[in-house]
Amino acid sequence: MTDVQEFKLFGKAMIEYVADYLETIRDRPVVPQVTPGYLKELIPEEAPDTPEHWKDIMKDVERVIMPGVTHWHSPQFHAYFPAANSYPAIVADILSDGIGCIGFSWIASPACTELEMVMMNWLGKMLNLPEKILFRPGGKGGGVIQGTASEATLVAMLSARSKATHKHGTDAITKLVAYTSKLAHCSAERAGLLAGVMVRCLEVDEDQSLRGETLRRAIEQDKAKGLIPFVTVAALGTTSCCSFDNLLELGPICNEEDIWLHVDAAYAGSAFICPEYRPILNGVEFAQSYSFNPHKWMLVNFDCSTMWVQDADAIVSSFNVDPLYLQHKFQGQITDYRHWHIPMGRRFRSLKIWFVLRLYGQEGIRSYIRTHIKLAHEFEALIEQDEKFEIFNPTTMGLVCFRLKGSNELNEALNKSINDEGRIHITPAKVGEIFILRFAVCARTTETKDIDFAYKVLVENALKLDCHASTRL
Ligand SMILES: *Cc1c(COP(=O)(O)O)cnc(C)c1O
């Protein structure tokens, strides 16, 4: 049924279902036990000819979908980084879908553009970002919601490329070189591939941080070869081990050399709303662009990656096309966001920031961040007091990097054993030659008992490996 009465019933039933799902998520195994191809066996090979009832769909959610869901919001999920999820954001997405606008220009839905501009300034102020990258009268800066941090990096790289070819001529494109660290997210390297430029992944120091000296040396080498350094992608909170590149050293070098500095703080960026973590962001004033993902750690459901730029014209002029069918009479008086990103269409994503900030308040979000960091320290303390394990690097955010004392193979076996068994879910990383286990505090509802449980699972699996090893001897 597709009429409005049925919509109301279906909608209410789904809200009930989602509320119950999230409430009882603890009872489900966090990693599904299915094998590839499981789903097509459970549904017909063709779409139905005639309408079905929504109640049949509801039944199939448990039968078809749930067996194949990895429960990212289970308190036993400690893999990757968190994916945000909150009631206000879910409700905001319902409204966004109801309005269903495609807000590419101001006139295409003024509220969609204007709420986004205000939200970017709200967030920018919460983060104490430099005034020059916020919207202000007569200013050049401003913020935009991108789908993902990868898109933000790509947009930064393409804008930097356009600025460089403007300065050096289009033939210079084959000489352009981008810098990032060996530990940067793979999206930095990928942005280089998509932009058709060289990317150099630079060495990090013993704290896994990209330093000014290293960048300076690379720039000198490359300039001597006739190459043109044009962009640096620095990370605050690397994906592998949450290390921080040294912005205060990289920033001035990039500014001197006229190199675009893009700062990617996809995960850790949310923590900078807490004054005690804000110093990590010092140096952002040197950056041409800065981005972080409220959809990771700020309770705003995917997709929502926020990006600020010092000079919006540098982006707009890279992507500007202006066909008649998209023009409007207020053009030039207000932001037309379609020039700020790769797709033309855009969802009304600022609604979920607005709902979340109002229903949690800044204090509520700070306290949420602090709770996650506290839980990570609890896990770190358990690892530290256990002589079987070692901490890889100090825990600063909600990620604990650690390993069993011993070989990479041993740690790979532990990782496999934990994930095969599926009581908790973790993902590993390799830093240099070292295989590490990553434990991220992810779910909104994670508590101390979940930390203790995860530690118990870890110890039991390590013990199993020990037994196997000793029976082999
Ligand atoms: C997670 C992460 C990304 C990728 O984020 P998407 O929004 O999925 O593109 C990029 N950089 C860092 C540092 C990350 O942690």
Side-chain angles (χ1 to χ4, degrees), residues 70 72 77-85 89 123 143-158 178-195 199 201-202 204 208-210 231-247 250 261-272 277 280-281 284 287 289-308 341-343 346-347 349 352-353 369 372 376 393 395-401 426-431 436 438-442:
T70 301
W72 280 65
F77 184 95
H78 302 292
Y80 317 104
F81 272 139
N85 192 349
L123 278 177
V144 58
I145 305 175
Q146 304 281 0
T148 64
S150 311
E151 286 169 68
T153 302
L154 179 58
V155 164
M157 200 165 301
L158 293 175
Y179 301 110
T180 189
S181 99
K182 283 205 155 154
L183 282 179
H185 190 264
C186 54
S187 53
E189 203 177 336
R190 192 133 178 270
L193 285 176
L194 291 167
V199 178
C201 299
L202 305 176
V204 288
Q208 324 305 332
S209 168
L210 175 59
V231 67
T232 299
V233 179
L236 294 181
T238 57
T239 314
S240 305
C241 63
C242 205
S243 59
F244 299 89
D245 292 339
N246 194 320
L247 280 196
L250 302 173
L261 176 63
H262 176 68
V263 178
D264 170 11
Y267 163 68
S270 296
F272 305 151
Y277 300 113
I280 301 174
L281 187 56
V284 70
S289 50
Y290 172 65
S291 100
F292 87 102
N293 287 356
H295 74 226
K296 272 187 171 155
W297 204 13
M298 208 186 254
L299 297 158
V300 180
N301 285 53
F302 191 84
D303 52 348
C304 183
S305 177
T306 47
M307 177 188 198
W308 289 265
H341 48 60
I342 296 175
R346 55 202 332 270
R347 301 174 62 237
R349 287 185 287 226
K352 50 193 176 185
I353 300 182
I369 296 278
H372 270 198
N393 63 343
T395 299
T396 46
M397 301 277 137
L399 178 74
V400 184
C401 298
I426 57 171
T427 42
K430 215 162 175 190
V431 179
I436 58 171
R438 296 167 74 266
F439 177 91
V441 178
C442 290

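Counting starts at 1 for both ligands and their atoms, in listed order. Treat the numbers as computed from the prediction; the structure is a model and nothing was measured.
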Taking both backbone and side-chain atoms of [X], is any N or O found less than 3.5 Å from an N or O belonging to ligand 1?
X: Thr239; answer: yes
X: Thr238; answer: no
X: Ala149; answer: yes

Problem - Non-hydrogen atom of Gly237 closer than 4.0 Å to ligand 1 - result: yes
Practice task
Keeping the roles fixed (side chain from Lys352, backbone from Asn301), state whether a donor-acceptor pair exists under 3.5 Å.
Solution key: yes
Problem - Any side-chain donor near an acceptor of the partner, Ser243 and Thr238, under 3.5 Å - result: yes
Looking only at protein heavy atoms, identify the closest one to [atom] and say how far it is in Å.
atom: atom 9 (O) of ligand 1; answer: Ser150 OG, 2.5 Å
atom: atom 8 (O) of ligand 1; answer: Thr148 CB, 4.2 Å
atom: atom 11 (N) of ligand 1; answer: Asp264 OD2, 2.6 Å

To the nearest 0.5 Å, what is the distance between [atom1] ([X]) and [atom2] ([Y])?
X: Ile145; Y: Asn293; atom1: CD1; atom2: CG; value: 11.5 Å
X: Leu281; Y: Leu247; atom1: CG; atom2: CG; value: 7.0 Å
X: Leu183; Y: Cys242; atom1: CG; atom2: SG; value: 11.5 Å

Practice task
Before giving the answer on ring pair (Phe, Tyr, Trp, His ring centres under 6.0 Å), spell out for Trp297 and Phe292 the whole-Å C-alpha distance, their side-chain angles and the decisive distance to 0.1 Å.
Solution key: CA-CA 10 Å; Trp297 204 13; Phe292 87 102; over 10 Å; no
Practice task
Determine, considering heavy atoms only, which of Glu151, Gln146, Lys296, His185 sits nearest to atom 1 (C) of ligand 1.
Solution key: Lys296
Practice task
Determine whether the side chain, the backbone, both or neither of Phe81 has a heavy atom under 4.0 Å from any heavy atom of ligand 1.
Solution key: side chain
